[in-house]
Every structure is written in C-alpha cells, then in structure tokens.
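Counting starts at 1 for both ligands and their atoms, following the listed order. These numbers come from the heavy atoms of this one structure, side chains and all, not from hydrogens, waters or symmetry mates.
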Amino acid sequence: MTTASRTALLVIDVQNDFIPGGSLPVPEGDRIVPLINQLARQFTQVVIAQDWHPKGHASFASSHPGRQPYEVIQLPYGEQKLWPDHCVQDTAGAEFHPQLHLPHAQLVIRKGCNPDIDSYSAFLEADRRTTTGLAGYLKERGIDTVYMVGLALDFCVMFSALDARAAGFNAFVVLDACRAIDLDGSLAAAIDRMQSAGVGLLQSTDLL
Ligand code: VGL
Ligand code: ZN
C-alpha cells in the first residue's frame with residue numbers, strides 16, 4: 001500500500017539522547033528504527049521532528065539550582081517536568097539515530113528552541129500559544145491525515161497527536177513504532193488521553 005498524498009508520516013525525536021546510552025534514554029528506543037524506516041517507504045510525505053534545545057534550556061534540571069531531573073516545577077506557562085540535559089543544539093546527542101534512513105523526508109521541524117519554553121509537541125510549544133508552523137505547512141500542502149511514530153510515546157508523540165487533532169487533522173499513532181518513558185503511569189494516561197481525543201491507535205501490521 002502506498003498512502004495517498006493527503007497523508008503524511010511524522011517521525012518524532014528519534015535522536016541519540018533518547019536511545020539507550022543517551023542522556024534521556026527511552027527503553028528500547030533503538031528497537032523501533034528499522035520499523036520506522038520500513039513504514040516510511042509507504043509514505044510519499046515524511047516530516048521529521050527534532051528536539052533542539054539551546055544550552056541552559058528551561059526544561060533542564062541543571063538550569064534550576066537545587067532541582068533534580070524528573071521533579072516538576074512551576075514556570076510562567078504552568079507545570080514543567082525537569083529533564084536531564086538532552087538534545088542540545090549541535091551536539092551528538094541531538095543527532096538522529098545513525099540507522100534512521102528517511103531519504104525522502106521533506107521537512108525537519110526543530111522544536112524546543114526557545115530557551116524559556118519547552119515543546120513536547122511538534123505543533124505547539126508548552127505555553128500553548130507559540131506555534132511551530134507545522135500545521136500551516138501541512139495544510140498548505142493539502143495534508144489532512146497524519147500518522148505518527150517515534151519517541152517518546154507518552155510525551156512528544158502524545159502531545160503531537162493531541163495537537164494534530166486540535167488543529168483539525170485525522171491523527172493516528174502506530175504504537176509498535178513508538179516507545180515510552182513511562183514515568184508514574186504516564187504511558188497508560190497517554191493512551192487514555194489519545195483515545196479520548198479521537199487519535200487512532202494502530203499497529204504497523206495495519207499499514208504494511
Ligand atoms: C521528549 C522529554 C523532553 C520527547 C523531549 O521527545 O518525548 N521528552 N524532551
Ligand atoms: Zn526536550
């Protein structure tokens with residue numbers, strides 16, 4: 001099956017820091033890479049999201065003296081979970097997994113670049129106001145349906161899927177082409193939130 005031109009695959013944050021051995025490892029994050037490469041061949045339109053933080057980013061525990069990774073603090077836009085330093089612009093940890101092979105991808109959308117605002121979603125930053133421009137890009141290209149794969153299922157994939165729905169796209173997440181961080185039940189909560197929002201949850205066998 002080759003999916004129609006009104007659909008796009010969005011490959012989220014398959015970067016070295018999210019792979020075992022990286023600074024914010026997602027368990028089995030490397031296991032999905034061959035499957036993503038295979039799935040991508042079904043799509044003529046592929047967009048890649050890349051977490052791309054400046055040094056000293058507000059989401060890093062190291063930017064808040066006395067705070068530890070995975071604590072939650074209050075920032076002007078609301079609650080922010082603190083992370084180990086990760087995906088710092090122009091570092092090896094921010095590069096894509098070396099086996100990720102998406103030669104026909106048309107756009108790399110970098111997010112989390114604002115030093116004061118996190119952005120799990122590839123569409124909207126954590127202040128819920130600043131857009132990345134991705135919805136406009138997809139709409140101008142006539143795309144109405146987005147399939148999502150990548151890392152982490154319970155953070156960046158979930159928020160991207162919810163925002164895709166909020167922006168009016170049909171949204172599907174290919175579960176076996178994702179992996180979760182799963183902190184304090186965040187995976188089960190993410191599945192619930194996506195289902196409630198009308199995000200379709202699929203397996204890769206539904207597409208291949
Ligand atoms: C992500 C935590 C912090 C993700 C990005 O890609 O899911 N998670 N930054
Ligand atoms: Zn990040």
Side-chain angles (χ1 to χ4, degrees), residues 9-33 36 47-64 67-73 75 77-97 100 102 108-128 130 132 134 146 148-164 171 173-191 193-194 199:
L9 180 69
L10 180 53
V11 179
I12 298 184
D13 298 6
V14 184
Q15 294 168 256
N16 291 327
D17 272 339
F18 296 127
I19 301 292
S23 66
L24 208 181
V26 182
E28 299 188 345
D30 50 333
R31 298 266 298 268
I32 60 176
V33 173
I36 290 174
V47 172
I48 309 176
Q50 189 173 27
D51 212 36
W52 195 250
H53 299 305
K55 263 187 282 184
H57 190 254
S59 74
F60 297 169
S62 64
S63 305
H64 305 274
R67 299 296 183 167
Q68 297 299 317
Y70 310 107
E71 281 181 36
V72 175
I73 63 164
L75 289 184
Y77 55 78
E79 288 192 343
Q80 173 67 49
K81 192 183 285 292
L82 296 177
W83 302 103
D85 290 21
H86 65 278
C87 298
V88 174
Q89 294 170 3
D90 204 24
T91 63
E95 287 172 16
F96 297 120
H97 186 283
L100 191 69
L102 305 169
V108 176
I109 185 115
R110 288 173 163 171
K111 63 188 179 63
C113 309
N114 186 326
D116 305 317
I117 309 176
D118 205 4
S119 190
Y120 297 141
S121 163
F123 291 90
L124 214 54
E125 297 190 7
D127 63 358
R128 313 312 295 153
T130 310
T132 64
L134 179 58
V146 186
M148 276 162 271
V149 298
L151 304 170
L153 176 57
D154 44 348
F155 288 92
C156 290
V157 175
M158 174 189 71
F159 282 107
S160 297
L162 296 177
D163 286 347
V173 169
V174 187
L175 291 173
D176 57 323
C178 299
R179 287 293 185 277
I181 300 176
D182 202 14
L183 291 168
D184 309 319
S186 57
L187 173 56
I191 298 286
R193 281 181 76 174
M194 290 190 288
V199 175

If you have a sec, work out which protein heavy atom is nearest [atom] and how many Å separate them, to one decimal?
atom: atom 1 (C) of ligand 1; value: Cys156 SG, 3.1 Å
atom: atom 6 (O) of ligand 1; value: Asp13 OD2, 2.6 Å
atom: atom 3 (C) of ligand 1; value: His86 NE2, 3.4 Å
atom: atom 5 (C) of ligand 1; value: Asp51 OD2, 3.2 Å

Practice problem: Verify the distance test for His57 against the Zn ion (ligand 2): any N/O/S atom under 2.8 Å, yes or no. | Solution: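 No, since none of the N, O or S atoms of His57 sits under 2.8 Å from the Zn ion (ligand 2).
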
Quiz item: Is there an N/O/S atom in Asp51 at a distance below 2.8 Å from the Zn ion (ligand 2)?
Solution: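 Yes.
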
Quiz item: Taking all atoms of both residues into account, what is the closest heavy-atom pair of Cys178 and Val157, and its distance?
Solution: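 Result for this residue pair: SG-CG1, 4.1 Å.
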
Self-check item: Gly93 versus Cys87, closest heavy-atom pair with distance
Solution: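 Looks like O-SG, 4.1 Å.
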
Quiz item: Any side-chain donor-acceptor pair under 3.5 Å between Gln50 and Asp13?
Solution: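 Absent: no donor and acceptor within the cut-off.
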
Quiz item: Would you say the side-chain atoms of Asp127 and Thr130 include a donor-acceptor pair closer than 3.5 Å?
Solution: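 Distance-only check passes for Asp127 and Thr130.
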
Practice problem: Look only at the side chain of Ser119 and the backbone of Ala126, and say whether a donor-acceptor pair between them is shorter than 3.5 Å. | Solution: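 No, because the side chain of Ser119 does not come within donor-acceptor range (under 3.5 Å) of the backbone of Ala126.
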
Quiz item: Would you find a donor on one side and an acceptor on the other, under 3.5 Å apart, between the side chain of Gln15 and the backbone of Asp51?
Solution: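 Side chain of Gln15 to backbone of Asp51: a pair is present.
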
Self-check item: Closest to atom 2 (C) of ligand 1 (judged by heavy-atom distance), picking from Phe159, Phe155, Trp83
Solution: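 Nearest option to atom 2 (C) of ligand 1, by heavy atoms: Trp83.
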
Quiz item: How does Leu151 reach ligand 1, by side chain, by backbone, by both or by neither, if only non-hydrogen atoms under 4.0 Å count?
Solution: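 Under 4.0 Å from ligand 1, Leu151 contributes backbone atoms alone.
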
Exercise. Please indicate whether Arg31 has more than 12 foreign heavy atoms, meaning atoms of other residues, nucleotides or ligands, lying under 6.0 Å from its CZ.
Key: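 Atom CZ in Arg31 is not crowded, with 12 or fewer foreign heavy atoms closer than 6.0 Å.
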
Quiz item: Under 4.0 Å from any heavy atom of Tyr120, which atoms of ligand 1 are there?
Solution: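 Counting from 1, the qualifying ligand atoms are 2 (C), 3 (C).
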
Quiz item: What atoms in ligand 1 come closer than 4.0 Å to a heavy atom of Phe18?
Solution: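 Close to Phe18: 1 (C), 4 (C), 5 (C), 6 (O), 9 (N).
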
Exercise. State, to the nearest 10 degrees, the angle whose vertex is the Zn ion (ligand 2) and whose arms point to NE2 of His53 and NE2 of His86.
Key: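 Vertex the Zn ion (ligand 2), arms to NE2 of His53 and NE2 of His86: 90°.
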
Quiz item: Below 6.0 angstrom between ring centroids: does that apply to Phe60 and His86?
Solution: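 Yes, they do, as the ring centres are separated by less than 6.0 Å.
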
Self-check item: Sub-4.0 Å heavy-atom approach of Lys81 to ligand 1
Solution: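 Per 4.0 Å heavy-atom rule, Lys81 does not contact ligand 1.
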
